Amino acid sequence: MSLSRPLLAIPAAVAAVLLFAGCTSSATGDSPTDESSGAAPQSPLSVYMDAMYGGGGSPEDQQARLAAQQKKREEIVATCMKEKGFEYTPDLQSAVSTLAGGGDEWKPDDREWVSQWGYGAADFPGNDDSGTPATAWVDPNADYVETLTESERTAFAETLWGKGATDASTEATSGEASEWDWTTAGCQGAAYHEVNGQDPLQTDEFAPLMDAINELWQQASTAPGMPEADRDWATCMDETGYPGFTAQSDAPQSIHAVVNELWTQSGKDSSGQPVKPDATKLAEVKDKEITLALADLDCREKTDYSARAKKARWDAEAAFVADHKAELEALKAAAAQAQP
């Protein structure tokens, strides 16, 4: 038995910010760069998000900073676990990279990349013959956990992640994750709090602002300019032989739904791990995926979809920042003060 890696190591609000930053920087293709610095300009809202959580500097600098923080957290976790009577090997793999994904090898607007991977649903860069990403997280404590009794394993998980951590997979499936509280999140929670400080996103003071940011993100598809961009894209897809789509996001979602269903039908093995779907079925889906993704890319290029979507998003963010300037500045200052 191996323990899965809950996302509790990163508070839900922080995870949302990381995903939000990743989506705003890459959802519509490469952003133009500032010729004086070589850096891509930031969207109005991501300026605040990045400033609060490790933004600024080159990607290498950001990764180094996050890696240093994780190393320190894991050292604290190891000490905490030892004090509780357990062995623990620090996990220095990047949770942020695993969570946010993407990177240089994820190029959904590059024709050569799309011709090989489609949307990266049935197959993707880094996927080995077993269907497991080559960079997938490997539990450094798995061998030790195997030596424990069932009750000891439960105690290990609760000491590491906090009581109720074993329900994380159920919460993920239901979409009803409980609010993260470092004081009840075991050694990981204590380590996060010590290294990263009191997260202002988790306080009642900024709850209304975070709710407003979530609402902004949920309404992205209806931002001024987006319905027209999606309409023009859908018309192009209809003329290409792919009727029925109403928004560009429908195309990749249709493929991911099929792939998810294949994995669901394959079930799990005796150890509870997912069984890879039949290779022939995956190959058939991949062929259809690539054809659809290329048609999607053609229509995005013909309708200037990426540029229009970016403008709609940035305009919506600019309006949001103007309406919530004081709260955002206060949150940014609180985050800076909370950093060790």
Side-chain angles (χ1 to χ4, degrees), residues 15-16 18-33 39-43 46 49 59 63 94 96-128 131 133-136 217-218 220-221 223 225-226 229-238 240-242 244-260 262-263 282-314 316-317:
L18 292 169
L19 289 173
F20 180 87
C23 290
T24 56
S25 64
S26 63
T28 57
D30 296 334
S31 300
T33 57
Q42 295 173 290
S43 72
S46 68
M49 299 294 98
Q63 187 63 37
S94 174
V96 173
S97 295
T98 302
L99 178 63
D104 291 340
E105 61 181 16
W106 205 265
K107 303 176 181 179
D109 294 322
D110 180 82
R111 185 167 298 277
E112 182 178 353
W113 190 95
V114 173
S115 297
Q116 182 176 3
W117 305 108
Y119 297 115
D123 197 8
F124 45 87
N127 187 21
D128 61 21
T135 56
W217 183 244
Q218 292 169 3
S221 63
M226 278 305 301
D230 278 320
R231 180 197 61 208
D232 293 345
W233 172 88
T235 298
C236 175
M237 291 294 285
D238 183 64
T240 305
Y242 289 96
F245 294 125
T246 58
Q248 188 276 327
S249 59
D250 292 344
Q253 287 175 3
S254 70
I255 297 297
H256 282 286
V258 173
V259 173
N260 289 340
L262 285 179
W263 279 92
L282 275 177
E284 292 175 353
V285 173
K286 182 179 179 180
D287 288 342
K288 295 178 180 178
E289 173 185 356
I290 290 175
T291 303
L292 173 61
L294 286 171
D296 174 6
L297 180 59
D298 285 339
C299 284
R300 277 186 281 141
E301 291 176 348
K302 290 177 181 178
T303 61
D304 199 22
Y305 184 89
S306 295
R308 295 166 69 183
K310 177 182 176 180
K311 183 181 186 303
R313 187 184 71 245
W314 283 39
E317 287 189 18

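Only a predicted model underlies this, so the values are computations on that prediction, with no experimental measurement involved. Starting from 1, each residue takes its place in the sequence as its number.
Atom-to-atom distance recorded for Met226:CE and Gln248:CD is 8.0 Å, nearest 0.5 angstrom. In this structure, Met49 CE and Gln42 CD are separated by 11.0 Å, a value rounded to the nearest 0.5 Å. In this structure, Glu301 CD and Asp109 CG are separated by 8.5 Å, a value rounded to the nearest 0.5 Å. Note: Thr246 OG1 to Met237 CE = 11.5 Å, rounded to the nearest 0.5 Å. Separating the CZ atom in Arg313 from the CH2 atom in Trp217 is a distance of 7.0 Å, to the nearest 0.5 Å. Note that CZ of Arg300 and SG of Cys236 are 11.0 Å apart. Values are rounded to the nearest 0.5 Å.
Residues that satisfy the side-chain contact (heavy atoms from CB on, under 4.5 Å) test with Ala283, not counting sequence neighbours, are absent from this structure. Evaluation of the side-chain hydrogen bond (donor to acceptor under 3.5 Å, both in side chains) rule for Asn260 yields no partner, not counting sequence neighbours. With sequence neighbours left out, Ser254 forms a side-chain contact (heavy atoms from CB on, under 4.5 Å) with Phe245, Leu292. The side-chain contact (heavy atoms from CB on, under 4.5 Å) search around Ser221 returns none, not counting sequence neighbours.
Here the shortest heavy-atom pairing between Ala316 and Ala223 reads CB-CB, 4.2 Å. Closest heavy-atom contact between Trp233 and Cys299: CD1-CB, 3.7 Å.
Identified under the salt bridge (charged side-chain N to carboxylate O under 4.0 Å, His left out) test for residues 282-291, with sequence neighbours left out: Asp123-Lys286.
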Got a list of side-chain donor-acceptor pairs under 3.5 Å for residues 114-121, not counting sequence neighbours?
residue: Ser115; atom: OG; partner: Arg111; partner atom: O; Å: 2.8
residue: Tyr119; atom: OH; partner: Asp296; partner atom: OD2; Å: 2.7

Could you walk me through whether Asp250 and Tyr242 pass the side chain to side chain contact (heavy atoms under 4.5 Å, CB included) test, one step at a time? CA-CA 11 Å; Asp250 292 344; Tyr242 289 96; over 6 Å; no
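Side chain of Arg308 to main chain of Thr303: a donor-acceptor pair is present (N/O by atom type, distance under 3.5 Å, no hydrogens or angles).
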